[in-house]
Amino acid sequence: MEQLSLTTPSLLFSAISLLMLAYTNRFLSYAQLVRNLKEKVIEDKSSVALPQIANLRKRLNLIQSMQVYGIMSLLLCVVSMFFIYIKMYSAAGYIFGIALILLIVSLAICVREIQISMRSLNLHLHDMEEIEK
């Protein structure tokens, strides 16, 4: 295995940080949507369908998973850097590889969450088209 330098795992820091910011923004927008939905349910109990609540719950769980895998990836990058620092290059390489796999998992979950979000938005657009007809 080719030796890693301290800069190799640190390259992921900015990418993971930006991903975490994007994930957090998605979470905050969903949290606001849930709060608004709660107010709507309190005002008119018949106005919200259970599938919409289930959809939001699923999307929030996916965002949580995205964040957890992203954080674990970042943590393992730091651990990998520590192992490089103490000159345990083989262990550092394996740990960095696991960090990359965790980042891939996080991104794959993100793709799935985007697909679910798009399906939900398309349903709303279809509903609006039906109302306009």
Side-chain angles (χ1 to χ4, degrees):
M1 181 180 299
E2 189 177 316
Q3 279 190 353
L4 294 174
S5 70
L6 280 174
T7 57
T8 306
S10 67
L11 290 174
L12 285 184
F13 277 33
S14 59
I16 295 173
S17 297
L18 288 173
L19 276 174
M20 294 307 296
L21 181 61
Y23 293 168
T24 301
N25 286 338
R26 290 183 77 79
F27 175 79
L28 291 175
S29 68
Y30 287 147
Q32 185 62 39
L33 187 62
V34 168
R35 288 184 189 98
N36 293 340
L37 195 58
K38 181 182 178 185
E39 291 173 11
K40 196 173 182 180
V41 168
I42 290 171
E43 289 174 10
D44 182 14
K45 293 188 187 317
S46 66
S47 67
V48 178
L50 286 177
Q52 186 177 6
I53 293 170
N55 183 287
L56 280 170
R57 181 172 280 120
K58 184 174 186 173
R59 287 157 61 186
L60 285 169
N61 287 333
L62 287 173
I63 289 175
Q64 179 184 19
S65 295
M66 291 163 27
Q67 289 174 324
V68 167
Y69 283 108
I71 290 168
M72 288 171 39
S73 176
L74 183 60
L75 177 65
L76 287 183
C77 282
V78 173
V79 171
S80 175
M81 290 174 67
F82 175 74
F83 276 88
I84 292 169
Y85 179 74
I86 61 173
K87 298 184 183 352
M88 294 182 68
Y89 299 109
S90 182
Y94 288 115
I95 292 170
F96 183 65
I98 294 169
L100 290 175
I101 290 169
L102 292 174
L103 184 57
I104 290 168
V105 170
S106 177
L107 292 171
I109 294 170
C110 183
V111 168
R112 180 68 183 131
E113 193 275 329
I114 289 170
Q115 289 172 334
I116 292 171
S117 296
M118 287 304 299
R119 190 175 334 121
S120 177
L121 289 173
N122 281 328
L123 287 173
H124 283 292
L125 288 172
H126 180 38
D127 287 345
M128 287 190 299
E129 288 172 344
E130 291 299 317
I131 292 171
E132 290 294 318
K133 288 182 181 178

**Study point:** Heavy atoms from other residues, nucleotides or ligands near CD of Gln64 exceed 12 (cutoff 6.0 Å)
**Key:**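 Atom CD in Gln64 is not crowded, with 12 or fewer foreign heavy atoms closer than 6.0 Å.
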Review point. Should we say atom OH of Tyr30 is surrounded by more than 12 heavy atoms from elsewhere, each under 6.0 Å from it?
Key: yes
**Study point:** From Ile98 atom CD1 to Leu76 atom CG, the distance as rounded to the nearest 0.5 Å
**Key:**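 One gets 6.5 Å once the value is rounded to the nearest 0.5 Å.
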**Study point:** Atom pair OG/CG of Ser17 and Leu74 - distance to nearest 0.5 Å
**Key:** 6.0 Å
Hydrophobic cluster membership, [X] vs [Y], 4.5 Å side-chain cutoff:
X      : Y     : value
Tyr23  : Leu33 : yes
Tyr85  : Val79 : yes
Ile114 : Leu60 : no
Met88  : Val78 : yes

Please report the shortest heavy-atom distance between [X] and [Y], naming the atom on each side.
X     : Y      : answer
Met66 : Cys110 : SD-CA, 3.4 Å
Phe96 : Pro9   : CE1-CA, 3.4 Å
Gly70 : Ile16  : O-CG2, 3.6 Å

Check your understanding: Taking only residues two or more places apart in sequence, or in another chain, which ones meet Thr7 in a side-chain contact (heavy atoms from CB on, under 4.5 Å)?
Key -> Ser5, Ser10
Practice item. Could you give me the CA-CA distance, side-chain angles and deciding distance for Asn61 and Arg57, then say whether side chain to side chain donor-acceptor pair (under 3.5 Å) is met? Key: CA-CA 6 Å; Asn61 287 333; Arg57 181 172 280 120; over 6 Å; no
Practice item. Indicate yes or no for a side-chain donor-acceptor contact from Ser120 to the backbone of Ile116 under 3.5 Å, with no hydrogens or angles considered. Key: no
Exercise for review: Say whether, by atom type as modelled, one donor and one acceptor occur between the side chain of Ser117 and the main chain of Glu113 under 3.5 angstrom.
Suggested key: yes
